[in-house]
Amino acid sequence: QVQLMESGGGSVQAGGSLRLSCVVSGYHTSTYTLGWFRQGPGKEREGVASIDSDATTLYAEAVKGRFTISQFSAENIMYLHMNSLKLEDAAVYYCAVTPSLIYPRQRRLIPASFATWGQGTRVTVSS
């Protein structure tokens, strides 16, 4: 079975940086879409960034220019580098995968497009 495990969350001052990791196990297909999502207090889960097996990336407008998604496929690891963190970035962050290339690409930021999810890692931002 496919399993995902996030790590790297924690507390950070506004303006600081964190790197989240997602380890994917039991997944051996060459075609996929990976995504990072987050859910803050009182909010719906929202897409943050995605990357696919062709290394095509997509970012939500709220994080564009501050966050970078990447992958090291040989180790089945996906990363989210977060810079210039804001109070509004505080949330539980989840990684997810689906074994296809999602089209149209805007659907890669929609939670319903993904089949398998990690348990989440919490990011707290303080002023």
Side-chain angles (χ1 to χ4, degrees):
Q1 292 182 333
V2 179
Q3 293 183 322
L4 297 88
M5 180 68 72
E6 304 94 337
S7 63
S11 298
V12 63
Q13 291 279 304
S17 300
L18 283 175
R19 186 185 73 174
L20 306 183
S21 300
C22 175
V23 178
V24 184
S25 62
Y27 194 80
H28 302 289
T29 182
S30 60
T31 302
Y32 57 83
T33 305
L34 290 158
W36 283 102
F37 296 79
R38 67 186 183 187
Q39 188 166 16
K43 295 183 177 181
E44 297 292 321
R45 190 170 300 185
E46 63 179 359
V48 176
S50 70
I51 189 166
D52 68 16
S53 45
D54 295 324
T56 298
T57 59
L58 179 68
Y59 296 92
E61 290 296 326
V63 306
K64 193 173 297 181
R66 299 188 297 120
F67 291 11
T68 302
I69 189 170
S70 62
Q71 62 186 333
F72 184 24
S73 58
E75 298 290 339
N76 294 326
I77 298 175
M78 176 178 63
Y79 300 104
L80 184 68
H81 293 82
M82 305 185 294
N83 297 315
S84 302
L85 283 161
K86 303 175 180 179
L87 293 176
E88 65 191 49
D89 295 319
V92 176
Y93 283 73
Y94 301 88
C95 61
V97 66
T98 199
S100 65
L101 295 176
I102 299 169
Y103 292 102
R105 288 177 179 169
Q106 288 185 356
R107 293 180 181 175
R108 300 180 183 189
L109 299 177
I110 302 298
S113 298
F114 292 82
T116 307
W117 294 80
Q119 84 292 340
T121 186
R122 186 178 299 275
V123 173
T124 301
V125 183
S126 60
S127 61

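As a basis for the values below, the full set of heavy atoms in this structure was taken, side chains included, without hydrogen atoms, waters or symmetry mates.
Asp54 places no side-chain N or O within 3.5 Å of a backbone atom of Thr56 that could act as its donor or acceptor partner. Not a single donor-acceptor pair under 3.5 Å links the side chain of Ser84 to the backbone N or O of Arg66.
Around the CZ atom of Arg45, the shell of radius 6.0 Å holds more than 12 heavy atoms that belong to other residues, nucleotides or ligands. Atom CD of Gln106 is surrounded by 12 or fewer heavy atoms from other residues, nucleotides or ligands within 6.0 Å.
A ring-centre distance under 6.0 Å is found for Trp117 and Phe37.
Side-chain contact between Met78 and Val97 is absent, with no heavy-atom pair separated by less than 4.5 Å. Looking only at side-chain heavy atoms (C-beta outward), Leu20 and Glu6 stay at 4.5 Å or farther from each other. For the pair Ile51/Tyr59, no side-chain contact is recorded, criterion being any heavy-atom separation below 4.5 Å from C-beta on. With contacts defined as side-chain heavy-atom distances shorter than 4.5 Å, the pair Thr31/Ser53 qualifies. Inter-residue side-chain proximity for Arg108 and Leu101 is flagged as met; some heavy-atom pair is nearer than 4.5 Å.
A donor atom on one side chain and an acceptor atom on the other are found under 3.5 Å apart for Ser17 and Asn83.
Atom OG1 of Thr124 is separated from atom CD of Gln13 by 11.5 Å, given to the nearest 0.5 angstrom. Note: Ile102 CD1 to Leu34 CG = 9.5 Å, rounded to the nearest 0.5 Å. In this structure, CD in Gln39 is found 6.5 Å from CD in Glu44, a value given to the nearest 0.5 Å. One finds the NE2 atom of His81 at 7.5 Å from the OG atom of Ser21 (value rounded to the nearest 0.5 Å).
Hydrophobic clustering (ILVMFWY, side-chain heavy atoms < 4.5 Å, transitive): Leu109 and Trp36 are in distinct clusters. When the side chains of ILVMFWY residues are joined at heavy-atom separations under 4.5 Å, either directly or via intervening members, Tyr94 and Leu58 end up in two distinct hydrophobic clusters. Following chains of ILVMFWY side-chain contacts shorter than 4.5 Å, one cannot reach Leu18 starting from Ile77, and the two form parts of different hydrophobic clusters. Tyr32 and Phe114 end up in different hydrophobic clusters when Ile, Leu, Val, Met, Phe, Trp and Tyr side chains are linked at under 4.5 Å. Residues Tyr79 and Val92 are members of separate hydrophobic clusters, defined by side-chain heavy-atom contacts under 4.5 angstrom among Ile, Leu, Val, Met, Phe, Trp and Tyr.
Across all their heavy atoms, Met5 and Gln119 have their closest contact at SD-OE1, 3.0 Å. Of all heavy-atom pairs between Gly26 and Val2, the closest is O-CG2, 3.4 Å. Here the shortest heavy-atom pairing between Pro41 and Ala90 reads CD-O, 4.2 Å.
Looking at Asp89 and Arg38, a side-chain N of the basic residue comes within less than 4.0 Å of a carboxylate O on the acidic one, giving a salt bridge.
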